[in-house]
Amino acid sequence: MRKINLPLILDTVFAGLCAFLLFFTSIRYYTRSVYVALGFAIAACLLFGCLSFLYISKKQNSNLLISRDEKQKKLLSLHLSLSSDEYVSKLLAQCIEDEKPEIKNGKIVAAESTYFYNFKMQPISEDDVAIVIKASCKNKKVIICNCISAEALLLCENFLIEVKDINFVYKLLKDKELLPEKYVYEGQKKISLRNRIKARFSRKICAPLFWSGLALLALSYFTFFPIYYIISGSIMLTLSAVTLVLN
């Protein structure tokens with residue numbers, strides 16, 4: 001049985017309700033007809049409710065395509081690619097079962113295997129594998145990397161070199177509870193004005209804006225200057241609905 005997506009339903013109902021109240025109050029003020037205002041309000045409620053449903057559901061589906069683990073793997077790949085060799089070697093050495101693995105010349109020498117690490121955003125090539133082939137060691141050779149090309153992987157199989165990609169590294173660090181708390185980035189991205197403004201309109205302000213807008217629209221029925229209350233209440237209801245849908 002498929003689970004009911006309650007947040008999607010509630011957000012859709014909320015957006016539709018805001019549209020209903022906004023159109024009913026505004027059109028009733030200009031036409032003085034309850035039935036005309038009610039007809040337009042119901043149509044607006046259904047229209048904006050459907051549009052909100054389609055937008056939010058599409059947004060949820062796109063977010064589900066990239067799972068949390070996949071995001072962490074991408075962050076880890078970038079982190080290891082930008083980190084120093086010393087940091088990477090010490091981090092990997094903590095995960096090797098050997099009690100005292102030796103770190104020297106860009107590789108980790110353990111009792112049964114010698115680990116060559118090469119972290120970069122592009123798949124390692126046949127030239128990278130050739131360097132490992134040339135290296136002299138008595139035990140088994142293992143390459144640890146983010147990813148490897150098909151040609152390079154075939155070359156590794158021919159020379160009995162084992163390959164461990166980012167999936168293995170992520171699982172290993174996660175099991176050992178050694179995943180980095182902070183990730184290294186090449187540069188800090190500047191926050192745009194649009195994102196700064198969007199950050200101010202979080203879901204927390206939806207309820208206050210909604211009730212304030214609803215109260216102003218209700219007061220427009222009893223005041224001598226209803227246009228001010230209709231405009232102010234409409235703006236608050238619109239901001240409330242847009243904030244909820246976009247966030």
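If you're wondering where the values come from, they're calculated on a predicted model, not measured in any experiment.
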Whether over 12 other heavy atoms sit under 6.0 Å from Tyr55 OH:
yes
Here the gap from Asp85 atom CG to Leu80 atom CG, rounded to the nearest 0.5 Å, amounts to 11.0 Å
Determine whether a donor-acceptor pair (N or O, by modelled atom type, separation under 3.5 Å) exists between the side chain of Ser89 and the backbone of Glu86.
yes
Within this structure, what is the CG-CG distance for the pair Asn167 and Leu76, rounded to the nearest 0.5 Å?
10.5 Å
Identify whether NZ of Lys or CZ of Arg in Arg32 sits under 6.0 Å from the centre of the six-membered ring of Tyr29 and within 45° of that ring's axis.
yes
Heavy-atom side-chain contact between Phe168 and Val163 under 4.5 Å
no
Do side-chain atoms of Lys141 reach the backbone of Val132 as a donor and acceptor pair under 3.5 angstrom?
yes
Separation between CG of Leu51 and CG of Leu46, rounded to the nearest 0.5 Å:
11.0 Å
In one Ile/Leu/Val/Met/Phe/Trp/Tyr side-chain cluster, 4.5 Å: Ile161, Ile131:
no
Of Val142, Ile143, Val169, Ile108, which meets side chain to side chain contact (heavy atoms under 4.5 Å, CB included) against Tyr117?
Ile108
Closest heavy-atom pair, Ile166 versus Lys73, reported as atoms and distance to 0.1 Å, is CG1-O, 3.9 Å
How about Glu151 and Leu154: do any of their side-chain heavy atoms sit closer than 4.5 Å?
no
Ion pair check, Lys74 and Glu70, cut-off under 4.0 Å
no
With a 6.0 Å cut-off (strictly less than), is the heavy-atom count around OH of Tyr30, excluding the residue itself, greater than 12?
no
Under 4.5 Å between any side-chain heavy atoms of Asp11 and Phe53, yes or no?
no
Are the side chain of Ser57 and the backbone of Leu54 linked by a donor-acceptor contact shorter than 3.5 Å?
yes
Hey, are the side chains of Ile144 and Val88 touching, using non-hydrogen atoms and a 4.5 Å cut-off?
no
Is the backbone N or O of Ile124 less than 3.5 Å from a side-chain atom of Ser149, with the two atoms forming a donor-acceptor pair by type?
yes
Could you tell me which non-hydrogen atom of Ala110 sits nearest to which non-hydrogen atom of Ile96, and how far apart they are?
CB-CG2, 4.0 Å
For residues Leu216 and Met236, report the shortest heavy-atom separation together with the two atoms involved.
CD1-SD, 3.8 Å
When rounded to the nearest 0.5 angstrom, what distance separates OG in Ser113 from NZ in Lys164?
9.0 Å
Just verifying a value: how many Å separate Lys59 NZ and Ser52 OG, rounded to the nearest 0.5 Å?
11.5 Å
Please determine whether residues Tyr170 and Tyr87 belong to a single hydrophobic cluster, defined as Ile, Leu, Val, Met, Phe, Trp and Tyr linked transitively by side-chain heavy-atom distances below 4.5 Å.
yes
Check whether any side-chain heavy atom of Tyr229 sits under 4.5 Å from a side-chain heavy atom of Leu217, and report yes or no.
no
Stepwise side chain to side chain contact (heavy atoms under 4.5 Å, CB included) check, Ile133 with Leu155:
CA-CA 10 Å; Ile133 295 174; Leu155 186 60; 4.0 Å; yes
Looking only at non-hydrogen atoms, find the nearest pair between Phe24 and Val34 and report the distance.
CE1-O, 3.9 Å
4.5 Å side-chain heavy-atom contact, Cys18 and Leu22:
no
I'd like to know if Leu38 and Leu214 are part of one continuous hydrophobic network [Ile/Leu/Val/Met/Phe/Trp/Tyr, side-chain heavy atoms within less than 4.5 Å].
yes
Taking every heavy atom of Leu178 against every heavy atom of Leu91, the minimum-distance pair comes out as O-CD1, 3.8 Å
Smallest separation among heavy atoms of Ile148 and Cys156, with atom names
CD1-SG, 4.0 Å
Residue pair Phe40, Ser26: steps toward the side chain to side chain contact (heavy atoms under 4.5 Å, CB included) verdict
CA-CA 10 Å; Phe40 276 96; Ser26 301; over 6 Å; no
hydrophobic_cluster_shared for Met121 and Phe116, side chain cutoff 4.5 Å:
no
Can you tell me how far the CG atom of Leu173 sits from the CG atom of Leu179, to the nearest 0.5 Å?
5.5 Å
Membership question, hydrophobic clusters at under 4.5 Å side-chain separation (ILVMFWY): are Ile27 and Ile231 in the same one?
no
Do Lys120 and Asp128 make a side-chain contact, defined as non-hydrogen atoms from C-beta onward lying under 4.5 Å apart?
yes
Would you check if Phe210 and Leu17 make a side-chain contact, meaning some heavy-atom pair closer than 4.5 Å?
yes
